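Take a look at the structure set out below.
A, B, ... follow the sequence lines: proteins, then strands. Residue 1 opens every chain. None of these values were measured; they are calculated from a predicted model.
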Amino acid sequence: MPVPLNAYLEPIMSDSDPFDLGDIPEEETARSLSAQAMGGMRPPYLRSLNEAQQEAIEALDGPVLVLAGAGTGKTRVLTTRLAHALSTKKAWPGQILAVTFTNKAAKEMQHRIGSLIGGVVEGMPWLGTFHSIGAKILRRHAELVGLRSDFTILDMDDQHRLLKQLIKAEGIDEKRWPARQLAAHIDGWKNRGLTPDKVPAGDAEHFGNGKGASLYAAYQERLKILNAADFGDLLLECLRLFQENPEVLSDYQDRFKYMLVDEYQDTNVAQYLWLRLLAQKHKNICCVGDDDQSIYGWRGAEVDNILRFEQDFPGAKVVRLEQNYRSTPHILGAASGLITANESRLGKTLWTEMNEGEKVTLRGLWDGEEEARVIGEDIEQLQRDGHLLRETAILVRASFQMREFEDRFINLGLPYRVVGGPRFYERMEVRDANAYLRLVAQPDDDLAFERIMNKPKRGLGDKALQTLHQLARQQGISLSRAARLLIETEELRQPARRNLKDFIEMVDRWRALMPGMGHIELAETILDESGYTEMWQNDRSADAPGRLDNLKELVRSMEHFENLAGYLEHISLVMEIEQADTADKVNLMTLHSAKGLEFDTVFLPGWEEGLFPHQRSLDESGLAGLEEERRLAYVGITRAKKSARISFASNRRVHNLWQSSLPSRFVDELPKDHVDVVEGDTNFGGYGSFSQSRFDHEFSQSNYGGPGWQRAQANARSGAMKTRAPDLEGHAELVATSDPAASSYNVGERVFHQKFGYGHVAEIDGNKLTVDFEHSGRKKVIDTFVERHA
DNA sequence: CTGGAGGATCTTTTT
DNA sequence: GATCCTCCAG
């Protein structure tokens, strides 16, 4: 994330007149002179734009909705609009809020504005993703929502572990109510802007026999104790901050003279509310989006937000960008024809001045393997014809489809790259390393502590961890504080105790190094001294070398940051490591990660009922799900500049068993005029014509209870039967020891300890007791581990 | 407390 | 087919 240019922002944030040039450093004045020099003339950056684009750019004041179809120059409009606001001096960089969804988009905008205005525009402090901007605002006012400004941002793995603990503590059977499901619910609530107290009663019953809402509340409470926020909180807590603190809100309302929202069709309710609050004052909000490309409904995105824009912002100007600069007429025709099957859309008609080009091809194949082979051959042919591999992409519905292509390409020696695959920061070893860094930076980060306490093995297993947890909970302190207490006592057996002590001291030592040592050197020291690197060096498994490489890469990536805190903030918000991979490789990715990209040739394999549209989408969201799948297909086709090649297979291996499949209904919805059916040389399936698939379509509609669906039902049934008695053990433990009033013991008092038996208190040092046990001799223990015994 | 064996479950998409 | 989890034997 960009480093804020405080030097030049501060004056703007203060009460001084933002247009007072006296506050702006020289270079800035020099730059804005070029804008002034344009005078009344049409600024040069507007010249090569079409009418609609210019309209979208020049309508700076008042609410504007820009409906930007695929390939209509959306990003250009966005950035030019920004540049326009700046160069006409309607606003200074610090007064423009520009939000995107992905870090990639934010970076691209940053970059393009830079080249438009010329020079440094890291000065756009409020250009970023919803999440990064939310985090930035929250850090400034953390104490108002019960956090400290150095709060940790949890990733999904952390979130998952935490929820698991809570579910266990509630005595709920985790088999039946998996943590990931609860996480999905909580995410859903947060996306809809619901705090625990606002979760509708009916909703909460979906989880753990109606315990959903209370678990959510418990989770939020726990987050506050951990001084942590999850992804959803970055928005929801920010929203709460605004709602509960009008003066804070009004401050931001004043500040953001102009607001710009990219991919508006992907906003969820929380984001929508957030935007609305902020736009209340100046009302200069410009939302850019395409309802036909809304593909994140499952993540809480509300297509409604864009469909409702004109009601939400009365007097809104709506600009349609319909001239497409990317694709040939056939490709556009195929995509447009397909998307007309959707009912809920605002409707646009894309057109182009390009030459006809080739039709979209459609190919039926025997199985997934053949599909991979044929596409591989196609790509090799393209290569021979002088096409670049990097201008070729294979877009799949689900990531498991990638495997067959990878296998095939490795076989062929065809270079490929998986875009948006397993993320760097999600790898286990990288997370472990980050946990070390987090623990050093933030001593009370329990999740980090827990993660690495016994990695590498230090003889601190479950037992030690449980003892620690118990103590931490009773004392209301963090694990590392609890550890400090524990090593003073004899609660843990000798090896564990010594190991824990060593561990604590090691972390303390690193922390002490922090002020003097650069963060990179520090990271190296930590990885080295902790034995973590060594652990992988001694590991004989096949993936160990790769993991070591990743650790090196991690340390290298830290160079981009000024300090440890900056690095940690970055990785929690940006899951991807930036790498300039410009090599000529075929691109392999999911349809979702293809949004916003374009390629000469696009392969769209796997157009089969159940896979695409995905069965689960249909089961869970019905018609809305189907329409979203169709939009996904639309996104896929419109990625192609020159050639789109759709295929489907009659047989596919799923979970290691073969399933026969029918061509996707989307195949039938493609307008014939724009499609060529290609006969494969091994056309076992006999899908030579549309009539066959139309017939299959009829069949498939009555085939709703397909194998997958039946299996799902069977699972649900057996799950229901598996209900077990609630786990009482956890409760018993709580009841036995959680008695805060009992912490004051007297010397000579008789006490009972679970492990050491009966004894008399000999000395008292705070909450540490020295007890003479009748059978175990003199021991130091923490008072919460003993019971008073009359 | 560790490590290995065997079992269950998984695969839709992601900031 | 992989990964994660649980259980059991040292």
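Within the structure, every side-chain polar atom (N or O) of A:R180 is placed at least 4.0 Å from both OP1 and OP2 of C:dC4. The phosphate of B:dT14 (OP1 or OP2) has a side-chain N or O of A:T590 nearer than 4.0 angstrom. The side chain of A:N268 places no N or O atom within less than 4.0 Å of a non-bridging phosphate oxygen (OP1 or OP2) of B:dT15. The side chain of A:S132 contributes no N or O atom lying less than 4.0 Å from OP1 or OP2 of B:dT15. The phosphate of B:dT14 (OP1 or OP2) has no side-chain N or O of A:K595 nearer than 4.0 angstrom.
A cation-pi contact links A:R299 to A:Y296, judged by a cut-off of 6.0 Å to the six-membered ring centre and 45° from its axis. For the pair A:R630 and A:F666, the cation-pi criterion (under 6.0 Å, within 45° of the ring axis) is not fulfilled.
Evaluation of atom-type donor-acceptor distances gives a pair under 3.5 Å for the side chain of A:H131 against the base of B:dT15. Residue side chain A:W298 does not reach the base of B:dT12 through any donor-acceptor N/O pair under 3.5 Å, judged by distance alone.
C:dC4 sits 16 Å from B:dT13 when the P atoms are compared, rounded to a whole Å.
Among the atoms of the strands shown, none is found under 4.0 Å from any heavy atom of A:R631. No engagement by A:F130 is indicated, since no non-hydrogen atom pair under 4.0 Å with the nucleic acid exists.
Closest contact between the side chain of A:R403 and the listed nucleotides B:dT12, B:dT15, C:dA2 involves C:dA2. Closest to the side chain of A:S593, from the set B:dT12, B:dT14, B:dT15, is B:dT14.
Across the interface with DNA chain B, nearest-nucleotide mapping of A:E629 and A:K457 shows A:K457 to be the residue nearer the 5′ end. Ranked by how close their nearest DNA chain B nucleotide is to the 5' end, A:N454 and A:H614 are led by A:N454.
Between A:V667 and A:F648, some side-chain heavy-atom pair lies under the 4.5 Å cut-off.
Side-chain contact of A:Q615 with A:D619: a donor-acceptor pair under 3.5 Å is present, judged by distance alone.
Judged purely by atom type and a 3.5 angstrom limit, A:K136 has no side-chain atom pairing as donor or acceptor with the backbone of A:W126.
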Pull out every protein N or O sitting under 3.5 Å from an N or O of nucleotides 8-10 of chain C, one pair per line with the distance.
none

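Ion pairing between a basic and an acidic side chain is recognised when a charged N comes within 4.0 Å of a carboxylate O; A:D266 and A:K595 show such pairing.
Take A:E237 and apply the salt bridge (charged side-chain N to carboxylate O under 4.0 Å, His left out) test, not counting sequence neighbours, and it matches A:K224, A:R240.
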